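Here the structure is a predicted model, which is why all the values come from computation and not from measurement. Sequential numbering from 1 along the given sequence is applied to the chain's residues.
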Amino acid sequence: MGFLCFVRYSFQEIACRLRMYRWKLILCIAVSLAGFVLGIALFCTCGYGWWYYNRCNFACKITEAGFSVLLTFIIAAAVIYVLLTLCSMLRQTHFLAYLVNLLACFYCGATLAAIFVYSTVWGILYAVFVAVLWLATICLSCFVCISELHINRCFGEAVSDMKLTAFVLTAGVIYKIIALFVILKILTMLI
């Protein structure tokens with residue numbers, strides 16, 4: 001019962017912040033889309049260098065959906081959370097969360113472009129079921145971080161204050177894992 005109350009209050013808190021800080025949400029969406037488009041553009045224009053092969057190798061791992069991909073998703077979400085927490089520690093570094101948002105969306109865009117190189121069907125399915133919702137998760141977690149109070153705090157206080165960001169990222173990773181290992185596997189078997 002306590003967990004369900006936490007989930008309900010978390011959704012109410014996010015809805016309240018969305019109503020209060022519309023311009024910050026619009027800026028988060030713009031930064032997310034810019035990072036996503038930049039990731040796709042750099043992947044397509046970089047030629048056949050290290051970046052191209054790195055993303056294509058990761059796209060191959062995603063389509064095979066092994067255990068290493070699961071670990072990669074969890075570690076990536078943990079790194080995003082730690083970076084957002086570090087950004088929220090000081091008043092001067094609070095707006096670096098937009099840079100974290102840009103970099104995370106950059107990787108998402110490059111990975112999607114690499115999956116399209118690997119397989120068009122997988123690219124479409126990945127875009128619809130995984131990439132778009134992961135972009136929304138990153139954007140929402142950045143927005144929740146930005147809408148926190150701009151005060152100086154230690155790392156422990158920042159972790160305590162960033163519970164809502166952790167909730168958003170955890171929900172996003174759980175959905176991403178379910179979408180990749182269940183929904184996409186079933187759809188590709190039916191095709």
Please output the side-chain donor-acceptor pairs of residues 38-45 that fall under 3.5 Å, not counting sequence neighbours, one pair per line with the distance.
residue : atom : partner : partner atom : Å
Thr45   : OG1  : Ala41   : O            : 2.8

Residues Thr170, Tyr81; criterion side-chain contact (heavy atoms from CB on, under 4.5 Å); working and verdict: CA-CA 10 Å; Thr170 303; Tyr81 173 72; over 6 Å; no
Just wondering, are more than 12 heavy atoms of other shown residues or ligands nearer than 6.0 Å to CZ in Arg8?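 Check passes, neighbour count above 12.
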Enclosure of Phe95 CZ (heavy-atom neighbours >12, cutoff 6.0 Å): yes
Apply ring pair (Phe, Tyr, Trp, His ring centres under 6.0 Å) to Tyr9 and list each qualifying residue two or more places apart in sequence or on a separate chain. none
Any idea how Phe106 and Trp51 line up, ring-wise: parallel (<30°), tilted (30 to 60°), or perpendicular (>60°)?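 The arrangement is parallel - the two ring planes meet at less than 30°.
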Answer whether the closest heavy-atom distance between the side chains of [X] and [Y] falls below 4.5 Å.
X      : Y      : value
Phe116 : Ile124 : yes
Val100 : Cys87  : yes
Lys24  : Tyr98  : yes
Ile177 : Val182 : no

Supply the members, apart from Ile26, of the Ile/Leu/Val/Met/Phe/Trp/Tyr cluster built from side-chain contacts under 4.5 Å; use none for a lone residue. Trp23
Between Tyr126 and Thr111, does a side-chain contact (heavy atoms from CB on, under 4.5 Å) hold up when you go through it step by step? CA-CA 10 Å; Tyr126 187 83; Thr111 302; 4.3 Å; yes
Are [X] and [Y] joined in one hydrophobic group, where the rule is that I, L, V, M, F, W and Y side chains link up if heavy atoms are under 4.5 Å apart?
X      : Y      : value
Met89  : Leu96  : no
Val37  : Val31  : no
Tyr175 : Ile115 : yes
Trp122 : Ile183 : yes
Leu90  : Leu99  : no

Closest contact, heavy atoms only, Thr93 versus Leu86: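 The pair with the smallest heavy-atom distance is OG1-O, 3.8 Å.
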Indicate the atoms forming the closest heavy-atom contact of Ile146 with His94, along with that distance. O-NE2, 3.1 Å
Once you round to the nearest 0.5 Å, how far does [atom1] of [X] lie from [atom2] of [Y]?
X      : Y      : atom1 : atom2 : result
Tyr21  : Leu27  : OH    : CG    : 15.0 Å
Ile74  : Leu169 : CD1   : CG    : 12.5 Å
Cys105 : Phe36  : SG    : CZ    : 8.5 Å
Ile75  : Leu70  : CD1   : CG    : 9.5 Å
Leu180 : Ile62  : CG    : CD1   : 6.5 Å

Please step through side-chain contact (heavy atoms from CB on, under 4.5 Å) for the pair Asn57 and Tyr53, ending with a clear verdict. CA-CA 6 Å; Asn57 186 24; Tyr53 288 114; over 6 Å; no
Tabulate below the donor-acceptor pairs under 3.5 Å that side-chain atoms of residues 154-162 make, not counting sequence neighbours, or state none.
residue : atom : partner : partner atom : Å
Glu157  : OE1  : Cys154  : N            : 3.2
Asp161  : OD2  : Arg153  : NH1          : 2.5

Taking only residues at least two apart or on different chains, which pairs with a member in residues 99-108 satisfy side-chain hydrogen bond (donor to acceptor under 3.5 Å, both in side chains)?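 Matches after skipping sequence neighbours: Ser32-Asn101.
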Within 45° of the ring axis of Phe58 and under 6.0 Å from its six-membered ring centre, is that where the NZ or CZ of Lys61 lies?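 Here Lys61 fails the 6.0 Å and 45° test against Phe58.
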Is any NZ, NE, NH1 or NH2 atom of the basic residue among Glu148 and Arg17 found under 4.0 Å from an Asp or Glu carboxylate oxygen of the other?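 Arg17 and Glu148: salt-bridged.
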Verdict with supporting geometry, Tyr118 and Cys56, side-chain contact (heavy atoms from CB on, under 4.5 Å): CA-CA 7 Å; Tyr118 185 77; Cys56 286; over 6 Å; no
Without placing hydrogens or testing angles, list every side-chain donor-acceptor pair under 3.5 Å for residues 131-145, not counting sequence neighbours.
residue : atom : partner : partner atom : Å
Thr137  : OG1  : Leu133  : O            : 2.8
Ser141  : OG   : Thr137  : O            : 3.1
Ser141  : OG   : Ile138  : O            : 2.8

